[in-house]
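These notes are about the structure you will find just below.
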There are 2 protein chains.
Amino acid sequence: MNIKEASEKTGVSSAAIRYYEKESLIPPIDRTEVGNRDIDARIIRRIKFVTQMRAAGMSIENLRRYIELFDAQEDNTKEQKALLQEQLAVMEEKRDDLQAAIDHLNYKLNHFYDHMQETEEELRELEKQHVAKVERENNEAD
Amino acid sequence: MNIKEASEKTGVSSAAIRYYEKESLIPPIDRTEVGNRDIDARIIRRIKFVTQMRAAGMSIENLRRYIELFDAQEDNTKEQKALLQEQLAVMEEKRDDLQAAIDHLNYKLNHFYDHMQETEEELRELEKQHVAKVERENNEAD
DNA sequence: ACTTGCCTTGAAGTACACATCAAGGTTTAA
DNA sequence: TTAAACCTTGATGTGTACTTCAAGGCAAGT
């Protein structure tokens, strides 16, 4: 499979695949006799793995660190586990933040046709208080 | 409250607060007589809101679009609702991707002390097959 | 023979989200 | 009154993660 087909199969651009190989996020890719990349299922899996982790917000740097350990022969399971747990914590926090924001949006959508939207009402109240305060200050300045 | 105190209170750098104001992610901040920013609880709330959404992966651009609608006086409810729904869909997808990755990592962690980690085993098996294939090819080339 | 369409590498360019710097102003404390 | 410690704006710099470009090679079709 050439790089274009791999790109279509994974949704990752050819340039990005080359970049991932250069950055060792995927293993060295076999070449045809003329030097073109010949991509197999193993590489496709690796590309998809990278995509998933990238979508989850893992940086290239951390991903490479992780994959290095992953691919290593020696079982440095402690480091590996620590790294996984670290990443897991980051991702869970991210998910919770997302969920909070989703809840917020859902609430707004559910109450959308109420005459005054309540979440906005809250902020508008603060806004009103603020405007009143500014006006008071202006009056004092007279 | 000056910008430094606000920075300490929110964990957002002074430069970032200025940037957020410039990009209209937070409302225009009042100034003291000499032109320094005078930050109140309302702004602090807004900064924290931005931080939360940013941590959840929303881009500055989308966040601004969202906040613009949020702050709008006119009730262009249809567009507003459409945009909220759009944003909601994006965020839910992101959350689901995250959850999938979290599940993946959790699985790995739960099976960490198994003699051979199963997910890795799978990849290592492919790796072995690959190496064997390369060796066969090398032998053929002799 | 030549166009089309794929590939290669290395270098340079780009978008985002700030961080840092330069040049200057104000307030406070010694 | 001079230094320290804030502040301002505008410009420029930075790191990340690619994308795009330049220059060329290979293989198939017309």
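Here is the naming used below: chain letters follow the sequence lines, and residue numbers restart at 1 for every chain. Predicted model, so just to flag it, every value in this text is computed and none were measured.
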Taking dT26(C), dT20(D), dA17(C) as options, the one with an atom nearest any side-chain atom of Val34(B) is dT26(C)
For Val50(B) and Ile26(B), the nearest pair of non-hydrogen atoms, with its separation, is CG2-CG2, 4.1 Å
### Validation row: Met1(B), Ile43(B) side chains within 4.5 angstrom (heavy atoms)
no
Examine distances only and state if a side-chain atom of Thr51(B) and a backbone atom of Ile47(B) form a donor-acceptor pair shorter than 3.5 Å. yes
Taking OP1 and OP2 of dC18(D), is either one under 4.0 Å from a side-chain nitrogen or oxygen of Tyr20(A)?
yes
Axis-to-axis angle across the helix from dA1(C)-dT30(D) to dA30(C)-dT1(D), five pairs each end, nearest 10 degrees, ~ 20°
When rounded to whole Å, the CD1 to P distance for the pair Ile17(B) and dT20(C) reads 15 Å
The nucleotide from dT8(D), dC6(D), dT19(D) with an atom nearest the side chain of Arg31(B) is dT8(D)
DNA chain C nearest-nucleotide lookup for Gly35(A) and Lys22(A): closer to the 5′ end is Gly35(A)
Students often get this wrong, so: under 4.0 angstrom with heavy atoms, is Thr32(A) touching a base, only sugar-phosphate, or nothing? nothing
Ile3(A) has its side chain closest, among dC7(C), dT20(C), dC6(D), to dC7(C)
message = Is there a side-chain contact between Arg37(A) and the phosphate of dT9(C), meaning an N or O under 4.0 Å from OP1 or OP2?
response = yes
When we call it a touch if two heavy atoms are under 4.0 Å apart, what does Ser59(A) touch: a base, just sugar-phosphate, or nothing? sugar-phosphate
One should read off an interatomic distance between Ile29(A) CD1 and Ile3(A) CD1, to the nearest 0.5 angstrom, of 6.0 Å
Separation of dT9(C) atom C1' from Glu21(A) atom CD, nearest Å, is 12 Å
Separation of dC18(C) atom P from Met58(B) atom CE, nearest Å, is 14 Å
Should Arg65(A) and Glu68(A) count as an ion pair when the cut-off is N to O under 4.0 Å? no
From CD of Glu23(A) across to C1' of dA17(D) the rounded distance in Å is 9 Å
Glu21(B) and Arg31(B) ion-paired at < 4.0 Å: yes
To the nearest angstrom, the CD-C1' distance between Glu8(A) and dC7(C) comes to 14 Å
Whole-Å distance, Tyr19(B) OH to dT8(D) P, equals 18 Å
Looking only at dT20(D), dC7(C), dC7(D), the nucleotide nearest the Asn36(A) side chain is dC7(C)
To the nearest 0.5 Å, atom OG of Ser7(A) lies from atom CD1 of Ile17(A) at 5.5 Å
Ranking dC7(D), dT8(D), dC18(C) by distance to the side chain of Arg18(B), first place goes to dT8(D)
From CD1 of Ile60(A) across to C1' of dT19(D) the rounded distance in Å is 14 Å
Rounded to whole Å, CG of Asn62(B) lies from C1' of dC16(C) at a distance of 13 Å
- Task: May I ask you to verify if any side-chain N or O of Asn2(B) is less than 4.0 angstrom from the OP1 or OP2 atom of dC7(D)?
- Result: yes
The reported gap from CZ in Phe49(A) to CG in Leu25(A) (rounded to nearest 0.5 angstrom) is 10.0 Å
Base, sugar-phosphate, or nothing for Ala16(B), non-hydrogen atoms under 4.0 angstrom? sugar-phosphate
Touch class at under 4.0 angstrom, heavy-atom based, for Ser14(B) against every strand present:
nothing
